[in-house]
Amino acid sequence: MPEPISESLQKKLSARLGFYEDIGIRLFYRDRGAAAAPESERQPEPPAPAYFAAPEIQKEKPLPKPAAKPALPQIAPVVAPVIPKIATLPVVAGPSLFESVEKIVGDSLLKTREDLGECTRCKLHSTRHKIVFGDGNPKAELVFVGEGPGADEDAQGLPFVGRAGKLLTQMIEAMGLQRKDVYICNVVKCRPPENRQPEEDEVKTCSPFLLRQIDVIAPKVIVCLGATAAKTLLQTNRGISQFRGEWLEFRGRKLLATYHPAYLLRNPPAKSEVWKDLQKVMAVLGLEVKKGKSVS
Ligand code: URA
């Protein structure tokens, strides 16, 4: 007989399962149903969805025997990176947003942050609480660029820490990485009021700092999360669906645009597209998901 689950653990599990449900992971519910059914009526397990792996659920008591680890996607040590074909997009007419931004010799993230200072260069400063500069590994091979901070980020001064951020963390972990392995930042460093899109003058004022971050980190791959990041870096007016998942070039680096995690929260079926995009990134970085592994 399995040990009964305590009430507090039941509550914790229920909250965690609710969270997974919110982000489109419903595997647990199906498993619970399957476990409740008599053996003769159980349905065969459908193939595991190639979505984002769920983190291990905290257990209250250690089990008597070491439990089998949940089957997260297994990351092979390092495989030969794939060299992708790079397409080019026509840029918008007129002077490039970045024309005047030259590489600064001896630049660093610290210097960039110091130069940003307690910024009042655009109107976003008057409503922000904290500047959200960026977070992660200053030598990351992979940089994620979002649009701009939301309420949680504005309160904490860290990028992608709200609901969309939790999903981004799961995406990163499904790639076999951790948040501390990558660098995460935004086009604008201050929260636009009511989470509106940043305006052109705000993007123009703030994006040179983003550029310096990218130049200093010198990642192998930049992933733009959503249209604002993609349109800013690529200087294009095209809709993201026209180039999502394609390898593009940005200042000599590989860039791939995919959907924003906030969009995935509203539209969970698009997760499979994003997962395909992230697998392309994994191939370039020499990370591999072993085929046939479950993500339940
Ligand atoms: N959305 C973004 O684009 N950036 C964040 O940091 C959080 C939510």
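Note that this is a predicted model, so its numbers are computed, not measured. Index from 1, following the sequence. Counting convention: from 1, in listed order, for ligands and their atoms alike.
For ligand 1, the polar-atom distance check against F160 finds a nitrogen or oxygen pair separated by under 3.5 Å.
The protein heavy atom nearest to atom 4 (N) of ligand 1 is N186 OD1, 2.7 Å.
Contact atoms of ligand 1 toward G146: 3 (O) (distance under 4.0 Å to a heavy atom of the residue). Counting atoms of ligand 1 from 1 in the listed order, those under 4.0 Å from a heavy atom of P159 are 6 (O). Short contacts between ligand 1 and H260, defined as distances under 4.0 Å to a heavy atom of the residue, involve ligand atoms 1 (N), 2 (C), 3 (O).
The structure places OH of Y183 at 10.0 Å from CG of N137, a figure rounded to the nearest 0.5 Å. Residue I172 holds its CD1 atom at 9.0 Å from CZ of F160, rounded to the nearest 0.5 Å.
Nearest residue to atom 3 (O) of ligand 1 from R191, E147, Q156 is E147 (criterion: closest heavy atom).
Here N195 pairs with R191 under the side-chain hydrogen bond (donor to acceptor under 3.5 Å, both in side chains) rule; sequence neighbours left out.
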Give every donor-acceptor pair under 3.5 Å between a side-chain atom in residues 254-262 and any protein atom, sequence neighbours left out.
residue : atom : partner : partner atom : Å
T258    : OG1  : D277    : OD2          : 2.6
H260    : ND1  : A262    : N            : 2.9

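Heavy atoms of E153 found under 4.0 angstrom from ligand 1 belong exclusively to the side chain.
Exactly one residue among E153, E118, E202 makes a salt bridge (Lys or Arg N to Asp or Glu O under 4.0 Å) with R128. That residue is E118.
Within the 4.0 Å heavy-atom cutoff, G148 counts among the residues contacting ligand 1.
No donor-acceptor pair closer than 3.5 Å links the side chain of D115 to the backbone N or O of T112.
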